[in-house]
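First listed ligand is number 1; within each ligand, the first listed atom is number 1. These numbers come from the heavy atoms of this one structure, side chains and all, not from hydrogens, waters or symmetry mates. Note that this is a predicted model, so its numbers are computed, not measured.
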Amino acid sequence: MSDDPDIEADPEARVRLASLILRLRELGISDRKVLGAIETVPREAFVPDLYRDDAYLDRALPIECGQTISAPSVVAMMTTALELEPRHHVLEIGTGSGYQAAILARLSRRVTTLERYRTLLELAQTRWDLLGITNIAGIVADGSKGWQTQAPFDRILVTAAAAVAPAKLVAQLVDGGILVAPVGPVDAVQRLTLFRKEGTRVDTRDLGAVRFVPLIEGIARNL
Ligand code: SAH
């Protein structure tokens, strides 16, 4: 039953998930809602078949189109940092597998997520449909400039690395909004950075070292 996303159907996956949750707690991730979302969204449904047994390890894994799904601890840390509320409209840039969007969708009203690979977005949409997740709008678009059509957003999460702080994206936040993005050299380690917009001020906070695939301008050709 390797293509059954229902974790209830696979007792081994349940055991792996339980030890992942333990590991996240050991790393200091304690937000009950975030841990609850990780418990209920089956990560195994978002990774290629080849990596299904590794889905509950705290590791980034390769996905289609040469991209990666982030490690669960990074997903948990970013989600916690966003301080999500059920009324929030969240913009995600870099849909990838669709896993992070599914986690955000559990904890907010609506998620708009942008991906430059049509193939990835279509795969992600199939997974959300299969899991009955209906509050995500996935769009094939270049997210490097955000999504002005629906701005402002309560929260913005960038899951691909940019060399410089994303000022255009901060401009698409509501007053009091939070943006989390990996900032730094695209071929090395970046700093996960939190930007909180307060009137005309933007406060920043360093959340630690991360390694993301690069944010690339334009829609991907061919795929
Ligand atoms: N959040 C994802 C992982 C992100 S991987 C998950 O949960 O699986 C980063 C993704 O950002 C890749 O899929 C890449 O194609 C996408 N990306 C890179 N530059 C982009 C851009 N300018 N606009 C939209 N998506 C982009």
**OP:** May I ask you to decide if Gln148's main-chain N or O and Gln150's side chain share a donor-acceptor pair within less than 3.5 Å?
**Re:** no

**OP:** Give the numbers and elements of all ligand 1 atoms closer than 4.0 Å to a heavy atom of Ala141.
**Re:** 23 (N), 24 (C)

**OP:** Answer yes when Arg201 and Asp203 have at least one side-chain N-carboxylate O distance shorter than 4.0 Å, and no when they do not.
**Re:**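 Looking at Arg201 and Asp203, the cut-off is met.
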
**OP:** With heavy atoms of Ile69 as the reference, note each atom of ligand 1 found under 4.0 Å away.
**Re:**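 This gives 8 (O) as the contact atoms.
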
Subject >> Any donor-acceptor pair under 3.5 Å from Arg127 side chain to Ala45 backbone >> reply: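 Between the backbone of Ala45 and the side chain of Arg127 there is a qualifying donor-acceptor contact (under 3.5 Å).
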
Subject >> Nearest protein heavy atom with distance in Å, relative to atom 25 (N) of ligand 1 >> reply: Arg116 N, 3.4 Å

**OP:** Look at the side chain of Arg155 and the backbone N and O of Leu82, then say whether any donor-acceptor pair between them is shorter than 3.5 Å.
**Re:**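 Confirmed, Arg155 side chain pairs with Leu82 backbone.
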
**OP:** Would you please determine whether Thr95 falls within less than 4.0 Å of ligand 1 on a heavy-atom basis?
**Re:**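 Within the 4.0 Å threshold, so yes.
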
Original post:
Hey, which atoms in ligand 1 end up nearer than 4.0 Å to a heavy atom of Tyr117?
Top reply: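 Within the 4.0 Å cut-off of Tyr117, ligand 1 contributes 15 (O).
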
Original post:
Any donor and acceptor pair, going by atom type alone, linking the side chain of Gln190 with main-chain N or O of Ala162 inside 3.5 Å?
Top reply: no

Original post:
Should Ile63 be counted as touching ligand 1, given the test is an N or O pair under 3.5 Å?
Top reply: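 In this structure, Ile63 places no N or O atom under 3.5 Å from an N or O of ligand 1.
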
Original post:
How far is atom 19 (N) of ligand 1 from its nearest protein heavy atom, and which residue and atom is that?
Top reply: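 Residue, atom and distance for the closest contact: Ile216 N, 2.9 Å.
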
Original post:
Any nitrogen or oxygen of Glu217, main chain or side chain, under 3.5 Å from a nitrogen or oxygen of ligand 1?
Top reply: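 Not met; the criterion fails.
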
Original post:
Excluding sequence neighbours, so at least two apart, what forms side-chain hydrogen bond (donor to acceptor under 3.5 Å, both in side chains) with Glu26?
Top reply: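 With sequence neighbours excluded, Glu26 shows a side-chain hydrogen bond (donor to acceptor under 3.5 Å, both in side chains) to no residue whatsoever.
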
Subject >> atom 12 (C) of ligand 1 [closest protein heavy-atom partner, distance rounded to 0.1 Å] >> reply: Gln67 OE1, 3.3 Å

Subject >> Atom indices of ligand 1 within 4.0 angstrom of Val213 heavy atoms, with elements >> reply: 5 (S), 9 (C)

Original post:
In terms of side-chain geometry, is the basic nitrogen of Glu217 or Lys168 positioned less than 4.0 Å from the acidic oxygen of its partner?
Top reply: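 Salt bridge: no.
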
Original post:
If you measure from each heavy atom of Pro214 to ligand 1, is any distance below 4.0 Å?
Top reply: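 Flag set, Pro214 near ligand 1.
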
**OP:** If you have a sec, work out which protein heavy atom is nearest atom 13 (O) of ligand 1 and how many Å separate them, to one decimal?
**Re:**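 Nearest protein contact, heavy atoms only, for atom 13 (O) of ligand 1 is Glu115 OE1, 2.7 Å.
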
Subject >> Protein residue, atom and distance nearest to atom 7 (O) of ligand 1, heavy-atom basis >> reply: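 So the nearest neighbour among protein heavy atoms is Gln100 N, 3.0 Å.
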
**OP:** Could you see which bit of Leu215 sits under 4.0 Å from ligand 1, with heavy atoms only: side chain, backbone, both or neither?
**Re:**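 Both backbone and side chain of Leu215 come within 4.0 Å of ligand 1.
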
Subject >> Under 4.0 Å to a heavy atom of Leu120 - the qualifying atoms of ligand 1, by number >> reply: 13 (O)

**OP:** Before signing off on this row, confirm whether Asp142 and ligand 1 have an N or O atom pair separated by under 3.5 Å.
**Re:** yes

**OP:** Give a yes-or-no answer on whether the side chains of Thr79 and Gln100 include a donor-acceptor pair shorter than 3.5 Å.
**Re:**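 Gln100 and Thr79 do have a side-chain donor-acceptor pair below 3.5 Å.
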
Original post:
Do Val75 and Arg43 come close enough that some side-chain heavy atom pair is under 4.5 Å?
Top reply: no

Original post:
Where the side chain of Thr95 meets the backbone of Leu114, is there a donor-acceptor pair that is under 3.5 Å apart?
Top reply: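 Side chain of Thr95 to backbone of Leu114: a pair is present.
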
Original post:
atom 23 (N) of ligand 1: which protein heavy atom is closest, and how many Å away?
Top reply: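 For atom 23 (N) of ligand 1, the nearest protein heavy atom comes out as Gly143 N, 2.7 Å.
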
Original post:
Is a side-chain donor or acceptor of Thr159 paired with a backbone partner of Ile93 at a separation under 3.5 angstrom?
Top reply: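 Checking the backbone N and O of Ile93 against the side chain of Thr159, a donor-acceptor pair under 3.5 Å is found.
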
Subject >> Numbered atoms of ligand 1 (with element) below 4.0 Å of Ser97, judged on heavy atoms >> reply: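 Every atom of ligand 1 under 4.0 Å from some heavy atom of Ser97: 6 (C), 7 (O), 8 (O).
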
Subject >> Qualifying ring pair (Phe, Tyr, Trp, His ring centres under 6.0 Å) pairs with a residue from residues 173-218, counting only residues at least two apart or across chains >> reply: none

Original post:
Which residue owns the protein heavy atom closest to atom 3 (C) of ligand 1, what's the atom, and how far is it?
Top reply: Thr68 O, 3.3 Å

**OP:** Among all protein heavy atoms, pick the one closest to atom 4 (C) of ligand 1 and tell me residue, atom and distance.
**Re:**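 Among all protein heavy atoms, the one nearest atom 4 (C) of ligand 1 is Thr159 OG1, 3.3 Å.
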
